[in-house]
Novice: 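Please see the structure below; I have some questions.
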There are 2 protein chains.
Amino acid sequence: MARYAKALGHPVRIFVMDLLSKQSCCYSGDLTDELPIAKSTLSQHLKELKEAGLIQGEIEAPRIKYCINKDNWAEAQKLFKDF
Amino acid sequence: MARYAKALGHPVRIFVMDLLSKQSCCYSGDLTDELPIAKSTLSQHLKELKEAGLIQGEIEAPRIKYCINKDNWAEAQKLFKDF
DNA sequence: ATTTTTGTTCGTAGTTTTACGAACAGTATG
DNA sequence: CATACTGTTCGTAAAACTACGAACAAAAAT
């Protein structure tokens with residue numbers, strides 16, 4: 001629970017999750033266009049979301065398609081709701 | 001949104017919010033009894049929750065009664081739900 | 001008035017987070 | 001094969017987080 005909250009505790013990561021919740025999938029490039037941060041920084045945030053289990057990446061060469069991890073996202077929402 | 005999530009991104013603060021959601025109010029002493037941390041550390045966590053707007057403290061000398069800030073908590077829950 | 005109770009603030013230390021650019025790796029394209 | 005595209009990893013630096021004990025503040029109890 002704290003792990004999920006912590007992963008969401010940054011504006012960039014909220015932005016990413018918000019986008020993914022609206023369009024289910026996206027590429028890093030979509031995000032770098034809209035966010036004023038270096039691609040290496042974005043990569044770190046995506047890594048954190050991935051390690052928290054909130055998203056998953058699928059190789060679609062030469063890009064990577066990121067999607068919400070629906071199971072874990074559902075669990076996180078349930079945890080917040082039941083709180 | 002990120003502010004609320006960040007405030008919840010620590011096990012101790014989750015514990016506090018969980019307790020408060022069950023019994024609406026509590027004193028610091030209740031928490032120090034149950035948590036293996038120094039009272040100064042707890043005080044810092046409570047301060048963070050307070051600054052994030054999730055709880056509020058009311059002096060009830062010589063103690064302080066902490067309660068959930070219902071308005072902000074409701075807002076936070078709505079934000080998570082609508083996500 | 002002194003002591004006790006409750007909790008905050010201060011100073012400190014170690015760890016983690018956030019951010020950047022440079023260098024690297026893998027795949028696609030010319 | 002060489003080049004371009006996409007993204008990760010590495011090294012670094014500044015800031016924030018976490019935790020502790022000691023010192024402090026305010027009110028209650030003795």
Novice: So does B/T41 get a side-chain nitrogen or oxygen closer than 4.0 Å to the phosphate oxygens (OP1/OP2) of D/dC20?
Specialist: yes
Novice: Between A/Y66 and A/C25, is there a side-chain heavy-atom distance shorter than 4.5 Å?
Specialist: no
Novice: A/K47 NZ to D/dC10 C1': how many Å, rounded?
Specialist: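 Between C1' of D/dC10 and NZ of A/K47: 10 Å.
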Novice: Contact between A/Q23 and A/L19 at the side-chain level, heavy atoms closer than 4.5 Å - yes or no?
Specialist: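 In contact.
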Novice: How are the rings of B/F80 and A/F80 set relative to one another: parallel (under 30°), tilted (30 to 60°) or perpendicular (over 60°)?
Specialist: parallel
Novice: Side-chain contact test, heavy atoms from C-beta onward, threshold under 4.5 Å: evaluate it for A/Q77 versus B/K81 and give yes or no.
Specialist: no
Novice: With the sugar-phosphate defined as primed atoms, P, OP1 and OP2, and the base as all remaining atoms, what B/S/- string results for nucleotides 25-30 of chain D, 5' to 3', for protein heavy atoms under 4.0 Å?
Specialist: --SS--
Novice: Distance check: side-chain N/O of A/R63 vs OP1/OP2 of C/dG26, anything under 4.0 Å?
Specialist: no
Novice: Please state how far atom CD in A/E58 lies from atom P in C/dT27, giving the value in whole angstrom units.
Specialist: 15 Å
Novice: Can you check the A/E60 CD to C/dG26 C1' distance for me, whole Å?
Specialist: 15 Å
Novice: Using heavy-atom distances to pick each residue's nearest nucleotide on DNA chain C, tell me which of B/T32 and A/R13 is more 5'.
Specialist: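 Comparing both residues, the 5'-ward one is B/T32.
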Novice: Taking only side-chain N and O atoms of A/H45, does any of them lie within less than 4.0 angstrom of OP1 or OP2 on C/dA19?
Specialist: yes
Novice: Hey, does A/L49 have a side-chain heavy atom less than 4.5 Å from the side chain of A/I55?
Specialist: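 They are in contact (side-chain heavy atoms under 4.5 Å apart), so the answer is yes.
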Novice: Roughly how many Å is it from OH in B/Y27 to P in C/dG7, rounded to a whole number?
Specialist: 9 Å
Novice: Starting from P on C/dT8, measure out to NZ on B/K39 and report it in whole angstrom.
Specialist: 10 Å
Novice: Do B/F83 and A/W73 make the cut of ring centroids closer than 6.0 angstrom?
Specialist: yes
Novice: Could you state the atom-to-atom distance from CD1 of B/I37 to C1' of D/dG21 in whole Å?
Specialist: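 Nearest whole value for this atom pair: 14 Å.
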Novice: Answer yes if the side chains of B/Y4 and B/E75 hold a donor-acceptor pair under 3.5 Å, and no otherwise.
Specialist: yes
Novice: Could you tell me whether the side chain of A/S40 has a donor or acceptor atom within less than 3.5 Å of a complementary atom in the base of C/dG21?
Specialist: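 Such a pair is found, so the answer is yes.
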Novice: Please state how far atom CD in B/Q44 lies from atom P in C/dG11, giving the value in whole angstrom units.
Specialist: 13 Å
Novice: Which part of the nucleic acid does B/S28 contact within heavy-atom distance under 4.0 Å: base, sugar-phosphate only, or nothing?
Specialist: sugar-phosphate
Novice: Hey, does the side chain of B/H10 come within less than 4.0 Å of C/dT16's phosphate (OP1/OP2), counting only N and O?
Specialist: no
Novice: Indicate yes or no: at least one non-hydrogen side-chain atom of B/C26 is less than 4.5 angstrom from one of B/L31.
Specialist: yes
Novice: What is the distance, to the nearest angstrom, from the CD atom on A/Q56 to the P atom on D/dG7?
Specialist: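 Atom-to-atom, A/Q56 to D/dG7, this comes out as 17 Å.
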Novice: Within the structure, does a side-chain N or O atom of A/Y66 lie under 4.0 Å from either OP1 or OP2 of D/dT6?
Specialist: no
Novice: Taking OP1 and OP2 of D/dC17, is either one under 4.0 Å from a side-chain nitrogen or oxygen of A/K6?
Specialist: no
Novice: Heavy-atom nearest nucleotide on DNA chain C for B/G29 versus A/E48: which residue maps closer to 5'?
Specialist: B/G29
